[in-house]
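In each ligand, atom 1 is the first atom listed, and ligand 1 is the first ligand listed.
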Amino acid sequence: MAKQYDVIVVGAGMVGALAGILLAQSSLRVAIIDKNDGRYPLSTPPHYDARVSALSSQSKTLLESSGAWQRIDQNRLAAYNNMVVWDGLGQGYIDFNAQKAAMPELGHLVENNVLCDALIEQAKQESNIDLYFEETLASHQLSDAGVKVELASGLPLEAQTLIAADGALSLLRTQNAFDTVEWDYGHHAIVATLEIDHFHENTAWQCFGEEGILAFLPLPDVDDRHFVSIVWSVPPKESDALMALDDNAFATRLHYAIGKRFKVLGLTTKRYAIPLRQRHAKQYVKSGLALIGDAAHTIHPLAGQGANLGFGDVKALVAVLTKAKKRGEHLGQSRVLRRFQRARMLDNIAMAAGMESFKRLFATQNPLIVQLRNIGMKGFHNTPTLKQKLVARAAGLSSFS
Ligand SMILES: Cc1cc2nc3c(=O)[nH]c(=O)nc-3n(C[C@H](O)[C@H](O)[C@H](O)COP(=O)(O)OP(=O)(O)OC[C@H]3O[C@@H](n4cnc5c(N)ncnc54)[C@H](O)[C@@H]3O)c2cc1C
């Protein structure tokens with residue numbers, strides 16, 4: 001006999017785990033399946049993990065409502081109140097400030113492992129969730145009438161709908177022939193955490209310059225020592241060259257690339273280079289299946305919005321499924337799932353288009369365009385209402401649609 005659920009979520013990353021928890025808390029019976037073992041080993045500060053996410057206030061609110069946020073050790077959360085963005089090739093400069101936007105902070109930096117660990121611990125507490133780790137789908141059949149799944153271990157499961165939260169290389173997306181618009185950004189992102197010589201002022205610093213796009217993102221101080229996470233997006237050849245440098249030479253390059261604002265005292269993690277691709281599924285849903293998070297879309301990390309968009313998907317899908325359940329509708333019907341797609345697609349596309357334009361605008365060193373973009377940045381910097389709108393958008397407090 002197959003075990004019965006309302007929803008099966010494939011992927012217990014930050015997006016899938018949060019979706020599973022919120023659905024279970026809305027009285028749905030949930031199975032979460034992940035190929036990994038669900039363990040997220042936590043390093044000890046100051047050796048923060050290399051993968052870090054900037055989370056918007058809307059994401060924080062959603063995570064709080066799930067109970068997972070409260071499980072995060074406060075010493076591993078860094079609130080940032082300011083963001084400073086400048087053009088390394090000119091005088092263009094924009095700053096954003098939480099106080100001026102009447103917000104307690106612009107967002108929080110948290111290590112991915114710390115967040116995923118908190119989510120899995122929360123999921124384990126939910127009586128409506130069964131967790132299947134080190135499992136994959138051996139087969140699945142989808143229809144408006146429901147979903148039949150067989151796990152690799154041979155266990156049969158049935159549900160009204162399947163949710164694919166299995167990441168950027170989603171097997172469920174390819175197996176079910178979702179058409180995807182996809183291209184290479186021509187950038188690799190180098191990530192690492194570092195110790196710097198002075199306080200980061202709870203500010204996210206980002207330089208668009210000759211040396212690529214470089215962000216210094218604040219992490220919590222340890223005693224009197226100061227740490228940041230970096231995301232340095234550069235063309236692949238440049239990335240190979242930077243990755244080949246020893247730590248001291250890499251630290252010197254960083255010092256110049258960040259406009260000498262900080263001296264880098266040392267790296268506290270290894271460096272990782274991640275190839276960046278833009279992907280967007282043309283549809284997010286079919287009968288009995290919805291794509292969410294990176295399975296549906298990936299964008300350039302220059303504005304730190306990928307996971308925030310994924311959490312936006314979670315919020316919309318949970319609202320749609322909970323309402324449908326109350327109305328007695330079958331959750332796998334495409335007309336039900338299409339409500340989720342309608343709620344999210346425009347916003348996700350607008351964000352992807354925005355990231356692409358930014359990336360292109362700052363990729364050029366054509367003097368005329370450099371001059372124009374610097375004039376544009378200065379104009380933007382001096383227009384508080386425009387800045388306010390962008391801050392609200394980045395915080396997830398408004399949408400493009
Ligand atoms: C350099 C960089 C910096 C970033 N910075 C930010 C930031 O500051 N802010 C932000 O909001 N976003 C950021 N992002 C984006 C963010 O990291 C992703 O959007 C987010 O991690 C996606 O989460 P997810 O749960 O959708 O996918 P994933 O984290 O990829 O999780 C997928 C899960 O599915 C499981 N899985 C995969 N395949 C299978 C299978 N066949 N069967 C079972 N399980 C499977 C995996 O084990 C995994 O647990 C950044 C991205 C990059 C590359």
Ligand 1 to G11, heavy atom cutoff 4.0 Å, flagged ligand atoms 33 (C), 34 (O), 35 (C)
Q. Around K315, counting heavy atoms of other residues, nucleotides and ligands shown, do more than 12 lie under 6.0 Å from its NZ?
A. no
| In terms of ring plane angle, is the pair F340 and Y284 parallel, tilted or perpendicular, where the classes change at 30° and 60°? | tilted
> Do the side-chain N and O atoms of E64 and Q70 include a donor-acceptor pair separated by under 3.5 angstrom?
Replying inline: no
If only atom types and distance count, is the side chain of D49 paired as donor or acceptor with the main-chain N or O of R51 below 3.5 Å?
no
dist L276:CG -> W183:CH2 (nearest 0.5 Å) comes out at 13.0 Å
Here the gap from E329 atom CD to Q160 atom CD, rounded to the nearest 0.5 Å, amounts to 10.5 Å
Short N or O distance, A54 and ligand 1, threshold 3.5 Å exclusive
yes
Ligand 1 atoms nearer than 4.0 angstrom to some heavy atom of G306 are 10 (C), 11 (O), 12 (N), 15 (C), 19 (O)
Note: V10, heavy atoms under 4.0 Å from ligand 1, region reported as side chain
Using the six-membered ring wherever Trp is involved, compare the ring planes of H226 and F199 and label them parallel, tilted or perpendicular (cut-offs 30° and 60°).
tilted
Regarding Q25 and S66, do their side chains bring together a donor and an acceptor under 3.5 Å, going by distance alone? no
shortest atom 27 (O) of ligand 1-to-protein heavy-atom contact is with G167 CA, 3.7 Å
Checking heavy atoms under 4.0 Å, the part of A165 that sits near ligand 1 is backbone
Task: Geometric N/O contact N308 with ligand 1, under 3.5 angstrom - done: yes
CG (L214) and CZ (F208) are apart, to the nearest 0.5 Å, by 10.5 Å
In this structure, atom 25 (O) of ligand 1 is nearest to the protein heavy atom V15 N, 3.1 Å
For this session: Measure the acute angle between the ring planes of Y132 and Y5, then classify it against the limits of 30° and 60° as parallel, tilted or perpendicular.
Result: perpendicular
So for R51 against ligand 1, with non-hydrogen atoms under 4.0 Å, the contacting part is side chain
Ranked by distance from atom 43 (C) of ligand 1, the top protein heavy atom is K35 N, 3.3 Å
### Distance-only N or O hit between ligand 1 and I274, under 3.5 Å
no
In ligand 1, the atoms that come under 4.0 Å of a heavy atom of M14 are 21 (O), 23 (O), 25 (O)
Between E135 and ligand 1, is there a nitrogen or oxygen pair with a distance under 3.5 Å? no
Output for pair (I32 CD1, L119 CG), nearest 0.5 Å, gives 9.0 Å
For atom 35 (C) of ligand 1, the closest protein heavy atom turns out to be D34 OD2, 3.1 Å
of all protein heavy atoms, closest to atom 37 (C) of ligand 1 is D166 O, 3.3 Å
>> Please check: side-chain N/O of R173 versus main-chain N/O of A295, any donor-acceptor pairing under 3.5 Å?
In response: yes
Just wondering, more than 12 heavy atoms not from F133 lying within 6.0 Å of its CZ? yes
For N36, the ligand 1 atoms with a heavy-atom partner under 4.0 Å come out as 47 (O)
Short version for V191: what comes under 4.0 Å of ligand 1, heavy atoms counted, is side chain
Atom 42 (N) of ligand 1 has as its nearest protein heavy atom T136 CG2, 3.7 Å
among protein heavy atoms, the one nearest atom 2 (C) of ligand 1 is P301 CB, 3.7 Å
Closest to atom 31 (O) of ligand 1 among protein heavy atoms sits G13 CA, 3.6 Å
Here the atoms of ligand 1 under 4.0 Å from any heavy atom belonging to G293 are 26 (O)
Is L55 close to ligand 1, meaning an N/O of one under 3.5 Å from an N/O of the other?
-> no
